[in-house]
Amino acid sequence: MKKNYDAIIIGAGIGGLTAGAFLSKAGKKVLVIEKSNIIGGRCSSRTWDGFSFDVGADYFAKGMLKNFARLGKDVALRPIGFSVKSFNKGKVMTIPPGLHLIKELSGFGMSKKEIAGFGLSMAREILFRRYSKRYKTNDSVIDTITNNPLLRNILNIGAFFSGSLPHKMPSYWFNLLFGRTFGYDFPFYPMDGAQRIPDLLSEVIRENGGEIRTNTSVEKILIEKNKAAGVKTTGEEIEADVVISNSGIQDTVFNLMKGKGLSTEFKNRVKKYKHGLLMNSIFTAFKTDIAMMNNVHLYCYFPDDVKEMFSTLHKGEFPDDYIFTLSVPDAITGKRTDGCCTGTIKFITPRGEDNKEIISKEADKVIESVNRILPNFKKSIVWKKIVTSEDYEDEIGFESCIAPVAESIEYKKMSHKMPVKGLYNVGATVLPNGGCTASSVESGKRCAEDVLIQTQ
């Protein structure tokens, strides 16, 4: 075996990079191995024809800033707060909530008494965490706090970010999106784009003597006497005291370990996990003369019946009307390229659909739909690139699943600790709950803390 490291990290997603940053800052010798030429995984950016776009995450939680502060990089991140506008049948709701919500909910046909009752119910569920004790599913919490059909539709936005059916999403998702679990009640965006997040984590690793190798594939994790001993890449075997995989728990178990040293019960449990529905991205550059809203980075459009739409998608069929999002980071950063804003439209592929031509035709319909919330949007487009869920891995470098593990009441995520000594898994496929950037960062930090305790 070659050179010894305290920890080898497989994959430079933000879970792995966070673990590497905390370990290297604590004095550990760290090596991060990434198969592609770009770090960040689902939190990264790409540039085409001079236009830059986030290709995965575009919505970040203020709770992440605490971890970046511990690494001394919170100021360098330059976070910008923003608003989210949610549209349903011509009605609008703004997130995070504020005094504007009173006026907006009046437009939903709710009386002052109903609005007050809704606010009280929301506060009760979040502050006292009643949702975790009284309900199994996210939509049962929503149905309890309001009987307004338009509001229920919008509050089911979590299904878009988890890729699961609304009635199968666990109740804790309610607090993930509307509460303070990670701070998504006050979202932020980095001034220099999503790529800034992994770039700063890599800075910490390199500043503290760590290494990051790109364009290098790990073929397997080496196990000796039920203990992780290192990894085998295409060209060599590398020894380490600890191995941390950011490759997803299923890939770790069945491809990198080949199930070695794991019980049948453990492997069967991992087999049950399903990823969320796949996502398509329409990358656009458009003229800035359309009526964008102040301080709004993310626009969300909801069809008349979100539950029915997701049921249709899970059956493998295209719905008549889509839920979609449009992210416009330039609207809050103030940056322009050739006088244009860049924006990314995302919509979901029906389960099992793999015809790129059909998906591309649906993408054109979605572009038409954006005109409902931003009039003349289609006419303002000067450049576009459609990357379907079938193209994503080849063009971007990873599968376009909404969540690598679509959290469900049918199963629970596992700890980052693997049942093999010195072996860990980090990222959105393991605890803590929430298939998002904030949970990935948190898993990396917790993993680093465990490693440091074990190696003291």
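As the structure is a computational prediction, the values presented were derived from the model and not from experiment.
- For R78, the side-chain hydrogen bond (donor to acceptor under 3.5 Å, both in side chains) partners two or more places apart in sequence, or in a different chain, are D192.
- Contacts of S400 classified as side-chain hydrogen bond (donor to acceptor under 3.5 Å, both in side chains), with partners at least two apart in sequence or in another chain: none.
- Shown here are the ring pair (Phe, Tyr, Trp, His ring centres under 6.0 Å) partners of Y299, two or more places apart in sequence or in another chain: there are none.
- Residue pairs that meet the ring-ring contact (aromatic ring centres under 6.0 Å, His included) test with at least one member in residues 325-347, sequence neighbours left out, are Y322-F347.
- Atom CG of N268 has more than 12 neighbouring heavy atoms from other residues, nucleotides or ligands inside a 6.0 Å radius.
- Within the structure, ring-ring contact (aromatic ring centres under 6.0 Å, His included) pairs that include any residue of residues 385-405 comprise Y392-F398 (at least two apart or interchain).
- Put simply, the side chain of R196 never gets that close to the backbone of M191: no donor and acceptor are under 3.5 Å apart.
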Donor-acceptor list for residues 6-27 side chains, cut-off 3.5 Å, not counting sequence neighbours:
from: D6; atom 1: OD2; to: K29; atom 2: N; distance (Å): 2.6
from: T18; atom 1: OG1; to: I14; atom 2: O; distance (Å): 2.6
from: S24; atom 1: OG; to: G20; atom 2: O; distance (Å): 2.9
from: S24; atom 1: OG; to: A21; atom 2: O; distance (Å): 3.1

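- A donor-acceptor pair is defined here as one N or O able to donate and one able to accept, closer than 3.5 Å; no such pair exists between the side chain of N226 and the backbone of V420.
- Of the possible polar contacts, none joining the E442 side chain to the M64 backbone as a donor-acceptor pair under 3.5 Å is found.
- With 3.5 Å as the limit, one finds no donor-acceptor pair spanning the side chains of N37 and T214.
- Aromatic pair Y184/Y59: ring centres closer than 6.0 Å.
- Counting only distance, with no hydrogens or angles, the side chain of S443 and the backbone of G427 share a donor-acceptor pair below 3.5 Å.
- The environment of CG in N215 is crowded: more than 12 heavy-atom neighbours from other residues, nucleotides or ligands sit within 6.0 Å.
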Identify all side-chain donor-acceptor contacts of residues 47-57 below 3.5 Å with residues at least two apart in sequence or on another chain.
from: D49; atom 1: OD2; to: W383; atom 2: NE1; distance (Å): 2.7
from: D54; atom 1: OD1; to: S45; atom 2: OG; distance (Å): 3.0
from: D54; atom 1: OD1; to: A194; atom 2: N; distance (Å): 3.2
from: D54; atom 1: OD2; to: Y189; atom 2: OH; distance (Å): 2.8

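- Of the possible polar contacts, none joining the T284 side chain to the F286 backbone as a donor-acceptor pair under 3.5 Å is found.
- Sequence neighbours left out, the pairs with a member in residues 56-65 that pass salt bridge (Lys or Arg N to Asp or Glu O under 4.0 Å) are D58-K346.
- Every residue meeting the side-chain hydrogen bond (donor to acceptor under 3.5 Å, both in side chains) condition with T137, not counting sequence neighbours, appears here in chain and number order: D139, S140.
- For residues 380-394, every residue pair satisfying the salt bridge (Lys or Arg N to Asp or Glu O under 4.0 Å) rule, not counting sequence neighbours, is listed here: K356-D391, D364-K384, K385-E395.
- In this structure, K227 does not pair ionically with E224, as no charged nitrogen and carboxylate oxygen lie closer than 4.0 Å.
- Take Y273 and apply the side-chain hydrogen bond (donor to acceptor under 3.5 Å, both in side chains) test, not counting sequence neighbours, and it matches no residue.
- Each salt bridge (Lys or Arg N to Asp or Glu O under 4.0 Å) pair with one or both residues in residues 408-418, not counting sequence neighbours, appears once here: K168-E410, E407-K413, K417-D450.
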